[in-house]
Amino acid sequence: MTEITIEIIKNHPKYQELVSSRSRYAWTLSVLMLLVYYTFIMIIAFKPELLAIPLYNGSVISVGIPIGITIILFSFLLTGLYVRRANSKYDLLLEELNADIKK
Amino acid sequence: MKVLVLFMCIGVFLFASGTIEGDIERQPLNISAIVMFLLFVGATLMITYWASKRTKTASDFYTAGGGITGFQNGLAIAGDYMSAASFLGISGLVYLAGYDGLIYSIGFLVGWPIILFLISERLRNLGKYTFADVASFRLKQEPIRILAAFGAIATVILYLIAQMVGSGKLIELLFGLPYEYAVILVGVLMILYVTFGGMLATTWVQIIKAGLLLSGATFMAVAVLYHFDFSFEKLFSSAVKVHDKGKDIMSPGGLVSDPVSAISLGVALMFGTAGLPHILMRFFTVSDAKEARKSVFFATGFIGYFYILTFIIGFGAIVMVLKNPEYLDLAKQAMSGGSPLIGGKNMAAIHLSHAVGGDFFLGFISAVAFATILAVVSGLTLAGASAISHDLYANVFEKGVCDEVKEMRVSKIATVLLGIIAIGLGIAFEKQNIAFVVGLAFAIAASSNFPVLFLSMFWSKLTTRGAVVGGVSGLATAIILVILGPIVWIDILGYEEAIFPYKYPALFSVTVAFVFIWLFSITDNSKRARKDKAGFMAQDIRSQTGIGAEGASSH
């Protein structure tokens, strides 16, 4: 990549939109994941009895089990959300940017 | 304190990655297991032959020519991650402690979304064959390559020890073969796959194994649920009835009770995963960032699904194995009570396979467990060989001017050498306590490989000096704290009390690495530092857009 193309890409509005929008989304999802995981870990470390509450009256299943399974599904859901937006919005921006630069 | 000890014991046993503790009584020859295993070996050797015809260039050898699809790579990544440790270790932990097994699974999984959001696409856009390509992109080649290669080789060898010892014991137990035969067999097969078939064969071995493991585990979980008319209430209440811990298996036990260990374990699992060379290398096998992204999506799905299965399998084992004298070590029970399993607690899933599917299915699951080790070992060796041939030989020794044919030859020699080293270490460590090795591998990956890689992509002010000083101190801190920690200091060296109280050093060693990288970068005013910083913009544009990235080769 030459100095000139770097300058062109760096100042291209589509590039700036791609970078700012994608990093905002990626960091938001990352923080969300960390927040969910470390909240879970902190409950285990400080108030594990919360997870032992029965799911409903008379059930042997604790709320901890559906919560744990939900975290697994949540992780997968987040990756799905990211991939969906990246496949449509970000790939489109990238394509347009590439087309503009070639001109 | 008691709780902490329990936490450590469980951690040790899980991190031991599929190892089976104690002396193992050799089982009678298991014919159906051997037949199924031979079928697997035959099929994979045919794939290796096919792959060898297509492995001509260095790019074919290291990355299968970049022609793997996102879905295939997702399965292969899941295959790398669903090692014998995950399958036998986590289902064994559920069997032993119930809910705590789920906590572990979640820790192993949550790193993946973060890898997707922040790392996978950039890695693909910047790298060629190894993660050192990315870390050294704008920094001075030699020192960064040496550091990265050292981190990669250390991780690979530690991991290999655990896998080889685990495989020897597992095969001794399941197939009735002597320990040394098993270790040599694994080593030789792995050398064949990697030297002849390169990444293409390694990937397909991994995919087949992942498919077999997922279908086997699905069958077991469905069989368990079928037994309870697909009612979780019935499954869990039967488990609570027979388990010694009773209702406690439905909620967190002693696994994660002190916050420092909890966070430190989380850091080790999350950052360690993002610093494992054989996992990072998988991102270069796909054609572009889009496929890299898809790989993680599929991998997360498969791994998450697999962990849900192991949870059901563990509970199934509590009900169907725990009180069945057929699976219990009666001699041990007579001596110390409880319900010790034949072969140890990691055998819960294996015994359950017999309980739900008889000898035939036991043979299938045993063969899958062996295949799992074989596949993981191949991926590890390929990553180690690439660090030696691509980073050390081609880019440090030959200063980057080296023809491909020579580089390939070196990588094949390195594979054979690593295979021999792995066999040697596997035999040498047979009777040793190796509980620390996988924990140490994760700690090194998290404290040296990851910080350097991450900051090279995200922090424009990183300099060569900062990366080297920080990477080395992270590595040293991880090793020293593991030695001074309870596993080595108390369990192996036999001292009364550990100098460093926590089993997982990652929280501390990762912090050391980041602080030192930062400090030695911002105070660096050398000519090289200016060049390092000036290179960031071009690197960032390539990492964001893929413009100028290594493409897939033509086939």
Side-chain angles (χ1 to χ4, degrees), chain A residues 1-3 5-7 9-10 15 18-19 22-23 25-30 32-34 36-38 40-46 48-55 59-65 68-69 71-80 82-84 86-87 90-91 94 97-98 101, chain B residues 99-100 102-103 105-107 109-114 116-118 121 232-233 235-241 247-248 250-253 255-263 265-266 270 289-290 293-294 296-301 303-305 307-308 311 537-538 540-542 544-548:
Chain A
M1 231 182 301
T2 62
E3 289 292 320
T5 35
I6 292 174
E7 281 305 308
I9 298 175
K10 196 174 81 181
Y15 176 74
L18 171 72
V19 169
R22 183 169 56 193
S23 68
Y25 197 51
W27 282 106
T28 310
L29 294 181
S30 303
L32 210 60
M33 187 72 251
L34 290 173
V36 167
Y37 176 59
Y38 280 105
F40 179 64
I41 289 294
M42 287 302 138
I43 292 176
I44 292 164
F46 293 107
E49 61 275 15
L50 281 183
L51 295 171
I53 298 169
L55 191 56
S59 171
V60 65
I61 302 176
S62 64
V63 290
I65 288 173
I69 303 288
I71 296 176
I72 292 180
L73 298 177
F74 180 74
S75 315
F76 183 53
L77 176 80
L78 286 190
T79 60
Y82 178 81
V83 168
R84 198 175 67 172
N87 280 348
Y90 303 144
D91 280 356
L94 200 55
L97 174 70
N98 267 315
I101 295 165
Chain B
Y99 193 78
D100 284 353
L102 189 61
I103 302 175
S105 308
I106 292 172
L109 186 71
V110 292
W112 283 103
I114 313 269
L116 168 66
F117 306 146
L118 301 178
E121 295 173 61
F232 283 98
E233 191 70 50
L235 166 65
F236 290 128
S237 55
S238 317
V240 167
K241 248 179 247 152
K247 227 174 150 15
D248 288 349
M250 301 305 293
S251 57
L255 177 62
V256 186
S257 48
D258 101 87
V260 174
S261 294
I263 297 171
L265 175 66
M270 198 175 263
K290 187 181 176 125
R293 173 203 303 157
K294 280 195 213 159
V296 190
F297 169 69
F298 288 118
T300 312
I303 297 168
Y305 170 66
Y307 284 151
I308 294 176
F311 189 62
M537 198 26 103
D540 195 44
I541 287 175
R542 174 163 156 179
Q544 299 272 9
T545 62
I547 295 170

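Note that the structure is a prediction, hence the values are computed from the model and not measured. Order of the sequence lines fixes the chain letters, A, B, ..., with proteins taken first and strands second; residue numbering starts at 1 for each chain.
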| task | Could you tell me whether the side chains of B/Glu233 and A/Ser59 share a donor-acceptor contact shorter than 3.5 Å? | result |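 Yes, side-chain donor-acceptor contact under 3.5 Å.
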| field | Spacing of B/Ile263 atom CD1 and A/Met42 atom CE [to the nearest 0.5 Å] | value | 3.5 Å
| message | Would you compute the distance between atom OG1 of B/Thr545 and atom CG of A/Asn98 and round it to the nearest 0.5 angstrom? | response | 7.0 Å
| message | Counting only non-hydrogen atoms closer than 4.5 Å, does A/Phe40 touch chain B with its backbone (N, CA, C, O), its side chain (CB onward), both, or neither? | response | side chain
| task | Using non-hydrogen atoms and a 4.5 Å limit, figure out which bit of A/Tyr90 sits close to chain B: side chain, backbone, both or neither. | result | neither
Return the option, out of [options], with the maximum number of heavy-atom pairs under 4.5 Å with chain B.
options: A/Ala86, A/Pro48, A/Gly80, A/Ala52; answer: A/Ala86
options: A/Leu78, A/Ile65, A/Leu97; answer: A/Ile65
options: A/Ile71, A/Ile69, A/Leu94, A/Asn87; answer: A/Asn87

Under 3.5 Å, side chain of [X] to main-chain N/O of [Y], donor-acceptor pair present?
X: B/Tyr99; Y: A/Gly64; value: yes
X: B/Ser237; Y: A/Val60; value: no
X: B/Arg293; Y: A/Tyr82; value: no

| said: Which heavy atom of B/Pro252 sits nearest to which heavy atom of A/Leu51, and what is that distance? | reply: CG-CD1, 3.6 Å
| task | Might you point out which heavy atoms bring A/Ser75 and B/Val110 nearest each other, and give the distance in Å? | result |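 Distance-wise, the nearest heavy atoms are OG-CG1, 4.1 Å.
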